[in-house]
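The structure appears below as structure tokens.
Quick caveat, the model's predicted, so the values are computed rather than measured. Each chain gets a letter, A, B and so on, in the order the sequences are listed, and its residues count up from 1. Heavy-atom basis, side chains included; hydrogens, waters and symmetry copies ignored.
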Amino acid sequence: GQQVMQIPQYQHVQEGEDFTTYCNSSTTLSNIQWYKQRPGGHPVFLIQLVKSGEVKKQKRLTFQFGEAKKNSSLHITATQTTDVGTYFCAGRRGFGNEKLTFGTGTRLTIIP
Amino acid sequence: EADIYQTPRYLVIGTGKKITLECSQTMGHDKMYWYQQDPGMELHLIHYSYGVNSTEKGDLSSESTVSRIRTEHFPLTLESARPSHTSQYLCASSEVGARDTEAFFGQGTRLTVV
């Protein structure tokens, strides 16, 4: 079945440092979504990427979808304490009725 | 804020009891999902539905069952709870379309079986 792996599993960074998490799928994806889950909370949608090689930015967050549509990355510039949480990528192999498979997640901890 | 609700938020129950976790959404979404998540760990898809009378098993084998008699309601049932079922259960929903939209999650039910 479809597998979606993320690295690293954990990341501790000093406040103000940059952070990157990488997402790799065993199969080609039709799209990739990114979610953030705060400690004790539920996943909240951040963004969706659809096109090969697509790059999108949300303030300090930069999202990229690989050319082969099998990998993606999320980069946070100058982390803040509010960035704490677990970041999940999620993908589907096709549009319509394909199930949404989540990646293994990267837990980000910020050292003040 | 998303209109998807899960009850109860917390449940402590004895081994062998039958339980039903409720999930309702008022957004008219056809797709609904159940994920199981241990604290700080990845989300495992255990059930999903494309619409009324449609249910499928997810990637993680689960002893739970689901039903989808109404669009807005997607309950999950455990006939005989065991300590191994202790986990957080997250329900989600999304629209069906040519371009997929985001999944909205409920607050989750934290289940403890003693």
Side-chain angles (χ1 to χ4, degrees), chain A residues 1-11 21 23 25-27 29-51 54 58 63 65 69 84-109, chain B residues 1-6 9-10 23 25 27 29-61 66 68 87-110:
Chain A
Q2 180 184 354
Q3 291 184 328
V4 183
M5 305 296 293
Q6 283 182 251
I7 55 171
Q9 188 176 1
Y10 303 95
Q11 185 79 61
T21 172
C23 174
S25 171
S26 58
T27 59
L29 303 170
S30 60
N31 60 15
I32 194 93
Q33 297 178 349
W34 283 92
Y35 292 77
K36 177 183 178 181
Q37 184 176 22
R38 293 183 185 274
H42 58 278
V44 174
F45 176 81
L46 294 176
I47 207 162
Q48 175 170 277
L49 304 169
V50 178
K51 299 176 184 176
E54 187 172 12
Q58 284 182 351
F63 305 84
F65 201 9
K69 301 185 78 173
V84 164
T86 302
Y87 292 85
F88 292 97
C89 62
R92 288 189 180 91
R93 286 184 294 180
F95 291 109
N97 285 345
E98 285 288 336
K99 59 188 177 183
L100 184 63
T101 299
F102 277 76
T104 47
T106 296
R107 189 190 298 180
L108 173 63
T109 305
Chain B
E1 193 69 22
D3 295 319
I4 179 165
Y5 308 100
Q6 289 185 242
R9 287 290 309 278
Y10 303 92
C23 177
Q25 50 96 6
M27 297 173 282
H29 288 168
D30 285 320
K31 286 186 184 177
M32 294 191 76
Y33 311 84
W34 275 103
Y35 291 90
Q36 183 176 341
Q37 183 185 37
D38 291 327
M41 304 297 285
E42 62 187 289
L43 290 93
H44 293 287
L45 180 67
I46 51 175
H47 297 284
Y48 59 107
S49 169
Y50 298 141
V52 171
N53 294 325
S54 149
T55 60
E56 302 281 347
K57 293 278 190 183
D59 300 317
L60 181 68
S61 175
V66 292
R68 190 85 184 276
S87 189
Q88 174 164 252
Y89 293 83
L90 288 159
C91 179
S93 73
S94 67
E95 291 182 3
V96 174
R99 292 287 183 182
D100 290 304
T101 59
E102 66 188 274
F104 293 90
F105 281 82
Q107 299 283 351
T109 295
R110 198 171 294 277

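Applying the salt bridge (Lys or Arg N to Asp or Glu O under 4.0 Å) criterion to A:Glu54, with sequence neighbours excluded, gives A:Lys56.
Contact annotation for A:Thr104: both backbone and side-chain heavy atoms come within less than 4.5 Å of a heavy atom of chain B. Interface remark: B:Leu43 contributes backbone and side-chain atoms alike to the contact with chain A (heavy atom separation under 4.5 Å). Heavy atoms closer than 4.5 Å to chain A are found in the side chain of B:Ser94, but not in its backbone.
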request  = Verify side chain to side chain contact (heavy atoms under 4.5 Å, CB included) between B:Phe105 and A:Val44, making sure each step is shown before the conclusion.
outcome  = CA-CA 7 Å; B:Phe105 281 82; A:Val44 174; over 6 Å; no
inquiry  = I'd like to know whether A:Gln37 forms a side-chain hydrogen bond (donor to acceptor under 3.5 Å, both in side chains) with B:Gln37, so could you lay out the CA-CA distance, the side-chain angles of the two residues, the decisive distance to 0.1 Å, and finally the verdict.
reply    = CA-CA 12 Å; A:Gln37 184 176 22; B:Gln37 183 185 37; 2.8 Å; yes
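Note that the NE2 atom of A:His42 and the SG atom of B:Cys91 stand 11.5 Å from one another [nearest 0.5 Å]. Interatomic distance, B:Glu42 CD to A:Arg107 CZ, rounded to the nearest 0.5 Å: 12.5 Å. Rounding to the nearest 0.5 Å places CZ of A:Phe102 at 12.5 Å from NE2 of B:His44. A distance of 7.5 Å separates CD of A:Gln33 from CD of B:Glu102, quoted to the nearest 0.5 Å.
B:Met41 and A:Phe88 get closest at one heavy-atom pair: O-CZ, 3.7 Å. In this structure, B:Leu45 and A:Leu100 approach most closely via the heavy-atom pair CD2-O, 4.2 Å.
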